[in-house]
**Q** 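Can you keep this structure in mind? I'll have questions shortly.
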Number of protein chains: 2
Amino acid sequence: MPLDADIAARLKRDPAGLVCAVVQQHDTREVLMVAWMNDDALHETLTTGRAVYWSRSRQELWRKGDTSGNVQRVVRASLDCDGDALLLEVDQRGPACHTGTRTCFEAGGDLGAVNGLAEATP
Amino acid sequence: MPLDADIAARLKRDPAGLVCAVVQQHDTREVLMVAWMNDDALHETLTTGRAVYWSRSRQELWRKGDTSGNVQRVVRASLDCDGDALLLEVDQRGPACHTGTRTCFEAGGDLGAVNGLAEATP
């Protein structure tokens, strides 16, 4: 069964047919990871309650947690204003990152940006 | 002045030389928007305390708020595990979205996903 036609018409896909998905833990609001979806992945995500992505490295659907057990249950999915990004609010079981950290941004780490809030004029 | 060489070496850019940036309000933890950075945009973001992106539509650096006044002060910038996504924690003045809503995902709206948490077995 294909993706709902109204939703499909609103997507602005990249040249590889993908839309970026930001994945957020629904209660703590941590940003867990960024992944990519094609139409099939989005359709499965919206209709099964489990987050499914397109693996760019393996070039196949990636039902997150099938191998690791670290499943993401979907709470809400939203599209952005211009149709090229999704926000997926989930309940993440275990770590989201393949390195074993809770989020992929902990794994990569802080880049030491100048704090613009501290320096801002009132 | 170019981007710090150690950081530049860790980035995994797309064919257009860009990395995806997830932008989050630092205190409420709302996901505000997704934007794109090239090396110059990231360098300016890390060193000036203001969020700067690469506008894919205009093909130029986009110092967010220069036109609208809706500046983003940077609180923290993190890279993800595989170097192809950034998390930018900011203080957003006014709406983040060009449509006037606080976040770009309010503008696009809820896609009506099945709630996988409600249906999950205990």
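Below, chain A is the first sequence line, B the second, and so on; all start at residue 1.
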**Q** Answer whether the closest heavy-atom distance between the side chains of B/Asn115 and A/Val74 falls below 4.5 Å.
**A**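 The answer is no; the side chains never approach within 4.5 Å.
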**Q** Consider only side-chain heavy atoms of I, L, V, M, F, W and Y, link residues closer than 4.5 Å, and tell whether B/Val90 and A/Leu117 are in one cluster.
**A**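 As far as the 4.5 Å side-chain criterion goes, A/Leu117 and B/Val90 are not connected within one cluster.
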**Q** Quick check: under 4.5 Å, non-hydrogen atoms only, which of residues 11-32 of chain B neighbour chain A?
**A**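 Listed by number, the contacting residues are B/Cys20, B/Val22, B/Gln24, B/His26, B/Thr28, B/Arg29, B/Glu30, B/Val31.
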**Q** Residues of residues 94-112 of chain A under 4.5 Å from chain B (heavy atom pairs)?
**A**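 At a heavy-atom separation under 4.5 Å, chain B is reached by A/Cys97, A/His98, A/Thr99, A/Cys104, A/Phe105, A/Ala107, A/Gly108, A/Gly109, A/Asp110, A/Leu111, A/Gly112.
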**Q** Would a hydrophobic clustering, with Ile, Leu, Val, Met, Phe, Trp and Tyr connected at side-chain separations under 4.5 Å, put A/Trp54 with A/Val52?
**A**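 In one cluster with A/Trp54: A/Val52, yes.
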**Q** Tell me, side chain or backbone of A/Val34 under 4.5 Å from chain B's heavy atoms, or both, or neither?
**A**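 Contact with chain B: side chain only.
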**Q** Are B/Leu61 and B/Met37 joined in one hydrophobic group, where the rule is that I, L, V, M, F, W and Y side chains link up if heavy atoms are under 4.5 Å apart?
**A**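 No.
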**Q** Do you know the tightest heavy-atom contact between A/Thr48 and B/Val114?
**A**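 Closest pair (atom of A/Thr48, atom of B/Val114, distance): C-CG1, 4.4 Å.
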**Q** Answer yes if B/Leu3 and B/Trp62 sit in the same cluster of Ile, Leu, Val, Met, Phe, Trp and Tyr residues linked by side chain heavy atoms under 4.5 Å apart, and no otherwise.
**A**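 Linked within one cluster.
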**Q** Given that the side chain runs from C-beta out, which part of B/Asp82 has a heavy atom under 4.5 Å from chain A: side chain, backbone, both or neither?
**A**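 Neither part, no heavy atoms under 4.5 Å.
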**Q** Is A/Asp4 close to chain B through its backbone or its side chain, or both, or neither, when contacts mean heavy atoms under 4.5 Å?
**A**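 Contact with chain B: none, neither part.
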**Q** Between A/Thr47, A/Leu88, A/Leu46, which shows the greatest number of heavy-atom pairs under 4.5 Å with chain B?
**A**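 Of A/Thr47, A/Leu88, A/Leu46, A/Leu46 has the most heavy-atom pairs under 4.5 Å with chain B.
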**Q** What part of B/Leu86 lies closer than 4.5 angstrom to a heavy atom of chain A: side chain, backbone, both or neither?
**A**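 Contact with chain A is through both the backbone and side chain of B/Leu86.
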**Q** Going by heavy atoms in the side chains, are B/Asp84 and A/Arg56 under 4.5 Å from each other?
**A**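 Side-chain contact under 4.5 Å: yes.
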**Q** With the 4.5 Å side-chain cut-off for hydrophobic clustering, are B/Leu87 and B/Met33 part of the same group?
**A**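 As far as the 4.5 Å side-chain criterion goes, B/Met33 and B/Leu87 are not connected within one cluster.
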